[in-house]
2 protein chains.
Amino acid sequence: MLKGKIPPAVITRLSIYYRVILESRKKFLSSDEISKLTDFTSAQVRKDLTYFGQFGIPGKGYNTDLLKASILNILGLDRRWNVALVGVGNLGSALLSYKGFSRQGFKISCAFDADPSKVGTKVNSVLIRDIKELARAVRANNIHIAILAVPKDVAQNVTDTLASAGIKAILNFAPVRPKPDKSVTVLNIDLSIELERLAYFLARKS
Amino acid sequence: MLKGKIPPAVITRLSIYYRVILESRKKFLSSDEISKLTDFTSAQVRKDLTYFGQFGIPGKGYNTDLLKASILNILGLDRRWNVALVGVGNLGSALLSYKGFSRQGFKISCAFDADPSKVGTKVNSVLIRDIKELARAVRANNIHIAILAVPKDVAQNVTDTLASAGIKAILNFAPVRPKPDKSVTVLNIDLSIELERLAYFLARKS
DNA sequence: TAGATTGTTAATCGATTAACAATC
DNA sequence: TAGATTGTTAATCGATTAACAATC
């Protein structure tokens, strides 16, 4: 089913295909129709899908029920993932209340902070624990993914703690790129860098 | 100074180089030292920089004061950019209070929402205006960049409004990819898609 | 069958890496 | 000068696109 190396961008596109298929509510979609809905080329749609199998019917297109189920399975979204939030500041609190996550099998079930005045309180009905409890709570609650929203000077430290607690996937919002143990996947979302990219585009234009 | 087409990833790396140079506090850094600080190769560091000019001294390395000033200039960060936030929900409020932005010449000076109960209140001392005022306020306040944190079903609409108000750069957090007028640059930050990428990595590992 | 669209191979395009002459 | 490191060219690697035979 799985052929050779898969370009990382393919995975992002699969998520996008899934969304537009879901919204279209049609029984069949051709690669050309998916292309129009996403602005990727139809060749790319077909190529991306064939990395994982043959889901289409020549002359007809793709059965969207099959395709939806297949993409969910490929992305590992046919199960629940427990998520911990580390760092309950402004951004962390917003992420804790963010509705978009729960939609696709993600559940933020634990939150941690170092500030004693926050520990013991609840945000969006999630109890905030002391960060010292992290390793124990990660194991006890079967946490798979950590969202890191801590100040930049402690990001590396917390990353190491998460790794030694057995976490294999981290979504990092701190404006540093922690160097993880090689068994750990870190995705960095750096808000300032994105704004800087926009500034670059603007500066070039004018 | 500017040679041919520049791969988009170069711009992101420039932001990262800037940060590590700033933190190192050294007078000179070689491409090899920058490589060690960032985990990019030294060849890539040199190549990225020569897209924009010659900043180094053979046998010696890069004068960090010159390099910092040059990168700021390349990225267009040697000036101030006015930013508007559209959509003051959980995420929007957090972005409005986010300290990281102001550091690099970005200032969120306007915020908009459609909810009458929010209009007229302040978050982080920024007045929340009615979204109907958008076009006028964007012009009056010389806004360059919009951060979009609205529900997905209005994202396209607001994007169009922003475009017709003259905005050329949008950082979009809504979980759809608005199709912008071609004069407008949109960068999409999609939190659910990032979590889905992590789920994919985890599913492959186990 | 005729028409449409897939799956896949080959061609193209673009970005990264290696190597080294030029230079401080 | 000898040693170090840049800037740049050429080689490699990887991802996207085009084209079309296979197939429903």
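Keep in mind that what you see is a predicted model, and the values were worked out from it rather than measured. Chain identifiers are assigned alphabetically (A, B, ...) following the order of the sequence lines, protein sequences preceding nucleic acid strands; residue numbering begins at 1 within each chain.
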Phosphate oxygens OP1/OP2 of D/dT8: is one of them under 4.0 Å from a side-chain N or O of B/Gln54?
-> yes

Would you please say whether a donor-acceptor pair under 3.5 Å links the side chains of A/His144 and A/Arg79?
-> yes

How would you list all residue pairs meeting salt bridge (charged side-chain N to carboxylate O under 4.0 Å, His left out) that involve residues 50-67 of chain A, not counting sequence neighbours?
-> A/Lys27-A/Asp65, A/Asp65-A/Lys68

Do the side-chain N or O atoms of B/Tyr62 get closer than 4.0 angstrom to the phosphate oxygens (OP1, OP2) of C/dC24?
-> no

Nearest-Å distance for atom pair CD1/C1', residues B/Ile57 and D/dG7 | 14 Å

Looking at DNA chain C, which of residues 9-35 of chain A put a heavy atom within less than 4.0 Å of it?
-> A/Ser30, A/Ser31

Any side-chain donor paired with an acceptor under 3.5 Å for B/Asp181 and B/Ser183?
-> yes

If you measure from the Lys or Arg side-chain nitrogens to the Asp or Glu carboxylate oxygens, is any gap between A/Glu133 and A/Arg136 under 4.0 Å?
-> yes

Please determine, by modelled atom types, if A/Asp48 and A/Gln44 share a side-chain donor-acceptor pair under 3.5 angstrom.
-> no

Sort out the partner of D/dT16 for me: Watson-Crick or G-U wobble, both distances under 3.5 Å, none otherwise.
-> C/dA11

State, without any angle test, whether A/Gln104 and B/Ser192 hold a side-chain donor-acceptor pair at a distance under 3.5 Å.
-> no

In the structure shown, which nucleotide is the Watson-Crick or G-U wobble counterpart of D/dC24, with both distances under 3.5 Å?
-> C/dG3

